[in-house]
*Asks:* 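Below you will find the structure I want to go over with you.
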Protein chains: 2
Amino acid sequence: MFSKTCEYGLRAVIFIAQQAKTNEKVGINTISEAIDSPQAFTAKILQQLTKNKIIESIKGPYGGFFIDEKRLNKIALSNIVQVLDGDSIYTGCGLGLHQCNDKKPCPLHFKFIEIRENLKKMLENTTLLELSSDKALADYYLKN
Amino acid sequence: MFSKTCEYGLRAVIFIAQQAKTNEKVGINTISEAIDSPQAFTAKILQQLTKNKIIESIKGPYGGFFIDEKRLNKIALSNIVQVLDGDSIYTGCGLGLHQCNDKKPCPLHFKFIEIRENLKKMLENTTLLELSSDKALADYYLKN
DNA sequence: TTAATAAAAGATAAATTCATCTTTTATTAA
DNA sequence: TTAATAAAAGATGAATTTATCTTTTATTAA
Ligand code: FES
Ligand code: FES
């Protein structure tokens with residue numbers, strides 16, 4: 001479904017969001033530990049997300065990655081997927097035709113766009129605020 | 001969503017199924033032309049599908065790939081995806097956790113399994129018979 | 001100012017996916 | 001039987017994704 005890059009990115013951002021509640025910055029070491037991902041690779045991904053203003057970072061001692069708590073409700077999972085995997089998941093043909101459109105649909109088109117739309121809506125409607133609630137923190141896991 | 005292998009495989013099998021209506025065998029050349037896919041690569045994919053009894057093949061002059069018309073309603077897209085991409089799309093965690101299960105769910109689990117299940121059902125309920133109907137042949141495209 | 005810390009940036013490497021090319025095997029018709 | 005045809009099998013190569021390592025830059029506290 002998503003690339004490894006996107007999977008790690010989503011998990012990392014959710015973890016950072018959960019720390020935002022306590023206004024804490026977290027280092028790459030802590031993050032990759034918490035989500036069980038390759039550290040250097042995860043660092044590269046967070047670099048991309050920083051450039052794209054999804055998260056923020058500060059260098060040096062006491063530095064790390066963080067998200068302004070006030071923005072938690074503005075950032076949806078769709079934004080992260082967009083940055084890391086582009087929009088092929090939202091607009092691409094399920095059978096790999098160069099263009100997905102109603103005029104020249106592939107045999108799966110009308111069934112496929114429904115699922116694609118549901119996925120899109122789900123990602124758009126799921127914000128970091130929701131995922132960093134106390135209940136979310138208690139009930140869900142970022143590694144296993 | 002699907003790998004290139006799976007995309008080409010699905011398109012190829014649908015094309016072969018459409019020819020089954022007229023009891024015709026089709027060569028790899030014709031197939032890759034019809035679905036706009038790399039020929040040698042598609043041949044490898046069809047080899048796998050033949051081994052897995054999704055389609056049949058005969059070597060030599062007047063040979064080619066074909067599907068017994070009577071089996072068109074037995075073969076669902078899920079069978080093809082299973083052979084080419086395995087079942088990670090049906091059972092894997094959306095955020096890439098090693099195991100997807102209700103006991104230790106990722107933050108996206110309950111939203112994700114809904115979409116995953118819809119995709120699964122859609123693929124299970126879509127048979128080659130449906131996709132090789134006259135209407136399907138008239139209305140849909142396998143390349144663009 | 002200096003030493004320590006941590007992310008950014010850049011180079012490189014491993015693994016996987018995507019793709020092609022060559023040789024072999026099976027089948028057919030002449 | 002022979003030549004032609006077409007898929008199977010195997011080897012190899014290119015591209016992309018995944019991952020690591022090294023150097024640089026920014027920040028902090030002593
Ligand atoms: S054309 Fe294939 S999904 Fe739209
Ligand atoms: S645990 Fe992530 S989707 Fe089920």
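Convention: sequence-line order gives letters A, B, ...; per-chain numbering from 1. Values below: all heavy atoms of this structure, side chains included; hydrogens, waters and symmetry mates excluded. The shown structure was predicted, so the numbers you read here are calculated from the model rather than taken from an experiment.
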*Asks:* Hey, what do you get for CG (A/Leu119) to CG (A/Leu77), rounding to the nearest 0.5 Å?
*Replies:* 10.0 Å
*Asks:* Do A/Asp85 and A/Ser3 get their side chains close enough for a donor-acceptor pair, meaning under 3.5 Å?
*Replies:* yes
*Asks:* Within the structure shown, what part of the strands sits under 4.0 Å from A/Ile58 by heavy-atom distance: base, sugar-phosphate, or nothing?
*Replies:* sugar-phosphate
*Asks:* Which residue lies toward the 5' end of DNA chain D, A/Phe41 or B/Pro61, if each is placed at its nearest nucleotide?
*Replies:* B/Pro61
*Asks:* Kindly say whether, by distance alone, the side chain of B/Lys44 makes a donor-acceptor pair under 3.5 Å with the base of D/dA9?
*Replies:* yes
*Asks:* C/dA7 P sits how many Å from A/Asn29 CG, rounded?
*Replies:* 9 Å
*Asks:* Go through B/Glu124 and B/Lys121 one step at a time and tell me if the salt bridge (charged side-chain N to carboxylate O under 4.0 Å, His left out) criterion holds.
*Replies:* CA-CA 5 Å; B/Glu124 283 171 353; B/Lys121 278 176 199 151; over 6 Å; no
*Asks:* For A/Lys4 and D/dA19, what is the distance between atoms NZ and P respectively, to the nearest whole Å?
*Replies:* 7 Å
*Asks:* Would you say C/dA9 has OP1 or OP2 under 4.0 Å from some side-chain N or O of A/Gln47?
*Replies:* yes
*Asks:* Could you state the CG-P distance from B/Leu46 to D/dA6, rounded to the nearest angstrom?
*Replies:* 15 Å
*Asks:* Roughly how many Å is it from CD in A/Glu7 to P in D/dT17, rounded to a whole number?
*Replies:* 14 Å
*Asks:* Could you tell me if B/Thr42 and B/Ser37 have a donor-acceptor pair between their side chains, going purely by distance under 3.5 Å?
*Replies:* yes
*Asks:* Could you tell me the separation between the CD1 atom of A/Ile31 and the P atom of C/dA6, rounded to a whole number of Å?
*Replies:* 12 Å
*Asks:* Taking B/Leu128 as the fixed residue, which of B/Ile67, B/Ile55, B/Ile16 is the one that meets the side-chain contact (heavy atoms from CB on, under 4.5 Å) rule?
*Replies:* B/Ile67
*Asks:* Grab the CD1-P distance between B/Ile35 and C/dA19 for me, whole Å please.
*Replies:* 11 Å
*Asks:* If I take atom NZ in residue B/Lys59 and atom C1' in nucleotide C/dA26, what distance separates them, rounded to the nearest angstrom?
*Replies:* 5 Å
*Asks:* Sub-3.5 Å donor-acceptor pair from the side chain of A/Lys143 to the main-chain atoms of A/Glu33, do we have one?
*Replies:* yes
*Asks:* Would you tell me if any nitrogen or oxygen in the side chain of B/Thr50 comes within less than 4.0 Å of OP1 or OP2 on D/dA7?
*Replies:* no
*Asks:* Using a heavy-atom cut-off of under 4.0 Å over every strand shown, decide if B/Lys51 touches base, sugar-phosphate, or nothing.
*Replies:* sugar-phosphate
*Asks:* Determine whether A/Glu130 and B/Lys111 satisfy the following criterion, salt bridge (charged side-chain N to carboxylate O under 4.0 Å, His left out), listing intermediate values before the conclusion.
*Replies:* CA-CA 13 Å; A/Glu130 173 186 345; B/Lys111 294 179 171 192; 2.9 Å; yes
*Asks:* Is there a side-chain polar atom (N or O) of B/Thr5 under 4.0 Å from OP1 or OP2 of C/dT17?
*Replies:* no
*Asks:* A/Ile28 near the nucleic acid: base, sugar-phosphate alone, or nothing, with a heavy-atom cut-off under 4.0 Å?
*Replies:* sugar-phosphate
*Asks:* Is the backbone N or O of A/Thr91 less than 3.5 Å from a side-chain atom of A/Arg116, with the two atoms forming a donor-acceptor pair by type?
*Replies:* yes
*Asks:* Take N1-N3 plus N6-O4 or O6-N4 for Watson-Crick, N1-O2 plus O6-N3 for G-U, both under 3.5 Å. Which runs of 3 or more such pairs involve DNA chain D?
*Replies:* C:1-30 with D:1-30
*Asks:* For A/Phe110, which residues count as a ring-ring contact (aromatic ring centres under 6.0 Å, His included) partner, sequence neighbours excluded?
*Replies:* none
*Asks:* Nearest-Å distance, CD (A/Glu24) to P (C/dA6)?
*Replies:* 14 Å
*Asks:* Can you tell me how far CD of B/Gln18 sits from CG of B/Leu142, rounded to the nearest 0.5 angstrom?
*Replies:* 5.0 Å
*Asks:* In residues 78-98 of chain A, which ones come under 4.0 Å of DNA chain C, going by heavy atoms?
*Replies:* none
*Asks:* Please figure out whether A/Tyr62 or A/Gln39 has its closest DNA chain D nucleotide nearer the 5' end.
*Replies:* A/Gln39
